[in-house]
Amino acid sequence: MKSRSLVSINDYTKEEILKILNIAAEFEAKPEPELLNGKVISTLFYEPSTRTRLSFESAVSRLGGRIVGFTDSSSSSVSKGESLKDTIMTVSNYSDLIILRHPLEGSALYASEVSRVPVVNAGDGANQHPTQTLLDLYSILKTQGTLENLNIFLVGDLKYGRTVHSLLMAMSHFNTTFNFISPKELQMPDEYKLYLNELGLKYYEHSDFTEIISRADIIYMTRVQRERFSDPMEYEKVKNIYVLRYAMLENTKANLKILHPLPRVNEIHQDVDKSEKAYYFTQALNGVYTRQAIIASILGLK
Ligand code: CP
């Protein structure tokens with residue numbers, strides 16, 4: 001992993017994924033406040049973010065490193081017409097690692113090809129969000145005690161939701177059974193279903209999950225990605241299609257945990273927050289340890 005960019009979750013083997021999760025557990029158990037002394041990390045966010053940016057910045061600060069960057073490209077020379085290439089070539093002079101969120105699919109790959117320092121994809125359009133996936137895996141491992149042979153429900157916007165695309169690819173290492181719950185307009189893209197077919201993994205597609213919720217080990221709820229719709233009326237039709245409520249959890253498995261990459265809109269009712277099966281805020285905390293592990297591994301410090 002040393003000096004390598006992280007663009008897609010498939011950049012890491014199963015063994016490398018497990019290594020990152022082990023290092024995350026080490027950071028959670030034993031903070032290392034001086035590990036990044038003298039290191040500078042750039043965060044370039046061309047799209048809004050709360051958790052990804054702030055958990056990366058918290059991760060770096062808690063390891064003793066420094067952050068430079070922008071949270072809104074309109075405050076940078078991007079607003080004067082500077083290209084992504086020129087921005088990346090410039091910022092790679094100022095830092096040891098670049099963390100990039102960008103609305104265009106493929107932008108992180110392109111940035112990694114022109115950068116002098118490794119690039120970490122913090123979300124590129126509807127494509128991939130590999131660091132979210134690593135914190136999702138860490139959360140699943142912590143709550144289930146294993147990543148193997150789980151029944152995972154992916155619910156909501158499976159078309160535009162980059163987190164479910166990366167998670168599917170990563171969980172394919174662990175003999176997962178996938179249940180896809182979405183309206184037909186937001187189904188999992190064929191390329192991901194073909195990916196599972198080629199690996200001989202099982203997946204099932206549903207338009208509702210109330211009747212089958214008792215089978216789930218993990219329910220991974222997602223927000224309908226309003227910003228990816230070209231027609232606002234299409235968004236209005238599907239925006240509240242699934243709402244998970246506390247009463248629906250009555251006959252679910254004891255080990256069930258509810259995950260969500262957040263932000264949520266209406267898809268998890270606030271009454272679910274009181275359930276011990278609600279794990280999404282701890283999941284967001286796990287992002288700090290996991291992102292510490294990613295940075296330390298790429299910088300060759302772990
Ligand atoms: N999960 C996630 O990517 O959240 P943010 O958009 O707040 O970073």
Side-chain angles (χ1 to χ4, degrees), residues 6-9 20-21 24 41-62 67 69-74 97-105 107-108 111 119-140 142-143 152 154-171 186 218-229 235 239 242 244 257-268 272-273 278-295:
L6 173 57
V7 171
S8 160
I9 195 65
I20 291 283
L21 304 189
I41 312 296
S42 300
T43 52
L44 307 184
F45 278 68
Y46 289 73
E47 270 193 338
S49 168
T50 296
R51 277 144 294 274
T52 309
R53 184 175 67 80
L54 293 179
S55 66
F56 262 119
E57 294 188 2
S58 174
V60 170
S61 300
R62 290 179 189 279
I67 289 277
F70 54 74
T71 59
D72 178 354
S73 60
S74 67
L97 178 74
I98 294 174
I99 294 156
L100 174 70
R101 171 169 288 189
H102 197 283
L104 288 182
E105 297 175 24
S107 52
V119 172
V120 172
N121 182 3
D124 62 328
N127 186 31
Q128 285 266 316
H129 196 348
T131 70
Q132 176 71 43
T133 293
L134 289 163
L135 79 88
D136 294 340
L137 295 184
Y138 186 62
S139 300
I140 294 169
K142 272 175 70 177
T143 61
I152 297 206
L154 303 178
V155 184
D157 186 347
L158 308 186
K159 180 178 179 183
Y160 297 119
R162 56 195 172 200
T163 64
V164 290
H165 300 158
S166 301
L167 184 60
L168 175 151
M169 291 171 121
M171 287 304 295
L186 299 177
I218 294 289
I219 298 177
Y220 193 96
M221 298 296 296
T222 63
R223 173 179 69 91
V224 177
Q225 307 273 301
R226 185 184 58 195
E227 62 275 31
R228 314 268 178 239
F229 282 72
Y235 171 73
K239 68 177 185 184
Y242 303 116
L244 183 67
K257 287 289 180 267
I258 299 151
L259 272 58
H260 191 312
L262 303 177
R264 73 172 148 183
V265 185
N266 295 320
E267 58 280 357
I268 299 180
V272 176
D273 297 358
Y279 194 74
Y280 26 91
F281 293 117
T282 309
Q283 179 188 359
L285 168 64
N286 290 337
V288 175
Y289 313 124
T290 312
R291 289 176 168 128
Q292 287 180 328
I294 294 164
I295 292 167

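Each residue takes its place number in the sequence, starting with 1. In each ligand, atom 1 is the first atom listed, and ligand 1 is the first ligand listed.
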Which ligand 1 atoms are under 4.0 Å away from a heavy-atom of [X]?
X    : result
L262 : 1 (N), 2 (C), 4 (O)
Q132 : 1 (N), 2 (C)
T50  : 5 (P), 7 (O), 8 (O)

- Taken in chain and number order and not counting sequence neighbours, the residues that satisfy side-chain contact (heavy atoms from CB on, under 4.5 Å) with S8 are N10, D11, Q128
- Item | Contact partition for T163 relative to ligand 1, non-hydrogen atoms under 4.0 Å | neither
- So is R101 actually on top of F45's ring, under 6.0 Å and inside 45° of the axis? no
- Write out all pairs satisfying salt bridge (Lys or Arg N to Asp or Glu O under 4.0 Å) with one or both partners inside residues 154-169, taking only residues at least two apart or from two chains. E47-R162
- Give me the ring orientation class for Y46 and H102: parallel if the planes are under 30° apart, tilted from 30 to 60°, perpendicular past 60°. tilted
- Item | Minimum-distance protein heavy atom relative to atom 1 (N) of ligand 1 | P261 O, 2.8 Å
- Within-shell test, R101 vs ligand 1, heavy atom, strictly < 4.0 Å: yes
- Message: Please determine whether the number of non-hydrogen atoms from other residues, nucleotides or ligands lying under 6.0 Å from atom CZ of R228 exceeds 12.
- Response: yes
